[in-house]
Amino acid sequence: MKYISTRGRAPALTFEEAMLTGLARDGGLYVPEAVPQFSREDIAALAGLRYEEVAFRVTRPFVDDSFTDADLRDAIEKAYSGFGHDARAPLVQLGPNHFLLELFHGPTLAFKDFAMQLIGQLFQQAMKRRGQRITIVGATSGDTGSAAIEAFRGLNNVDVFILFPHGRVSEVQRRQMTTPDEPNVHALALHGDFDDCQAAVKDMFNDFAFRDEVGLTAVNSINWARVLAQVVYYFTAATALGAPHRSVDFTVPTGNFGDIFAGRIAKAMGLPIGKLVVATNRNDILHRTLVTGEHRKEGVQPTISPSMDIQVSSNFERALFDAYGRDGSAVAQLMDELKGQGGFPVSQGALQALRETYASGRASEEETAATIRAMHARTGETLCPHTAVGVKVAEENIDPARPMITLATAHPAKFPDAVEAATGQRPGLPKRMSALYDRPERVTEVDNDLGRIEHLIRETRAK
Ligand SMILES: *Cc1c(COP(=O)(O)O)cnc(C)c1O
């Protein structure tokens with residue numbers, strides 16, 4: 001199994017190479033050359049299995065000979081052993097034909113744990129085999145950084161440095177990054193905003209001497225291995241509700257398009273999915289694109305669902321690659337237009353192809369808060385603001401013929417202020433996490449100065 005770039009001008013790689021590389025050298029994203037097919041019998045056989053067994057069967061053909069069966073199974077077992085629910089991704093019913101897929105039982109209470117925990121294990125195995133050390137550097141507005149620190153803490157052969165904007169992440173998010181005491185993880189509070197953090201990381205990757213010296217690697221959401229790990233829960237949810245004998249729809253609170261694109265892969269493998277509904281907050285570039293055919297950036301507006309506040313949705317490039325008949329040069333040209341002119345019109349044929357797979361909707365701030373309040377009153381279920389965006393859009397798209405499954409992307413306690421404002425009740429952390437407020441914090445404040453940040457990384461990583 002080979003992976004090719006969405007821009008058509010980078011070498012094809014194995015699974016392990018694509019995982020360790022992240023972004024392709026031509027600026028594109030890696031996708032499988034061909035998607036493995038599951039028969040109806042293959043899918044029917046998944047019903048009722050442990051999450052870990054489904055994860056093994058679904059990821060096995062994509063991983064190919066990069067990892068042995070035993071190593072892949074070992075990585076999967078370790079990845080999910082710290083989750084606070086035996087089902088890993090349990091389903092809860094919200095109303096007639098509407099189900100919530102709870103993806104927040106991992107160690108940092110957001111769905112990003114599903115992918116990050118697994119790639120932490122796979123990175124460690126690959127580095128051990130290669131006898132190498134790597135340094136992972138990332139910028140975060142909250143969820144990705146905490147998931148990365150939690151996944152890589154204490155692993156051999158890997159150092160992790162996460163830059164977050166000083167004073168601008170929630171207390172839960174900050175403590176999740178600053179309380180792990182393993183010497184290989186480092187939370188850096190940068191004097192600046194999230195854009196400064198991202199720019200600093202980008203500059204480090206462009207400093208090739210530094211990049212090679214420390215073995216710099218990224219685990220952001222464009223990494224193919226992260227998308228793959230997320231394909232699994234589409235299978236567990238759909239088979240629990242009757243697939244392959246009946247089809248299901250999904251609604252996904254969307255930012256960078258990684259989570260929903262995993263659903264597209266599940267569908268391409270043969271899982272009977274009717275609609276994949278893109279749910280956006282008022283940063284609605286993806287909804288506007290599907291409605292108008294014009295993909296155009298506007299300024300980012302802060303919302304109560306901050307993990308979906310995006311302007312450039314990086315994994316959407318993978319959807320465009322499919323919609324343009326896998327024409328890498330066409331995609332490269334669109335991405336140039338997006339960068340140079342702030343947007344591009346989607347061709348008629350490509351728009352039609354996108355609409356065959358994806359539907360969409362948006363929720364305003366008021367609608368999001370109203371949905372949290374209404375669901376709390378009608379079902380007793382407390383939604384995080386991202387999930388509430390999904391539930392609102394899902395309700396507008398329910399087809400009585402098929403179950404609708406909305407992905408619950410974070411635990412409400414991760415965003416307590418927005419939830420309390422909507423319901424009048426402050427959501428508490430799960431019991432297993434209550435020590436978060438007692439443990440000492442360890443954080444290094446840094447100025448927005450590339451030379452000094454690089455010096456700090458050189459000096460503090462293990463040699
Ligand atoms: C990252 C995130 C999202 C958006 O997911 P994408 O894969 O970027 O589309 C939605 N909700 C929460 C809570 C997140 O952390």
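Counting starts at 1 for both ligands and their atoms, in listed order. Since this is a predicted model, take the numbers as computed values, not measurements.
- Between Phe104 and Phe114, the ring center distance fails the sub-6.0 Å criterion.
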Which atom pairs, nitrogen or oxygen on both sides, join ligand 1 and the protein at under 3.5 angstrom?
unit_1	atom_1	unit_2	atom_2	d
ligand 1	7 (O)	Gly258	N	3.2
ligand 1	7 (O)	Asp259	N	3.0
ligand 1	8 (O)	Asn256	N	2.8
ligand 1	9 (O)	Gly255	N	2.8
ligand 1	9 (O)	Asn256	N	3.2
ligand 1	9 (O)	Phe257	N	3.0
ligand 1	11 (N)	Thr409	OG1	2.9
ligand 1	15 (O)	Lys112	NZ	2.5
ligand 1	15 (O)	Asp143	OD2	2.7

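- Between the side chains of Ser313 and Asn256, no donor-acceptor pair is found at a separation under 3.5 Å.
- The ring-ring contact (aromatic ring centres under 6.0 Å, His included) test applied to Tyr234 returns Phe250, not counting sequence neighbours.
- At least one donor-acceptor pair closer than 3.5 Å links the side chain of Arg318 to the backbone N or O of Ile222.
- Two residues are said to be in side-chain contact when any heavy atoms from C-beta on lie closer than 4.5 Å; Ile285 and Gln311 fail this criterion.
- Note: Phe261 and Phe257 have tilted aromatic rings, judged against thresholds of 30 and 60 degrees for the angle between ring planes.
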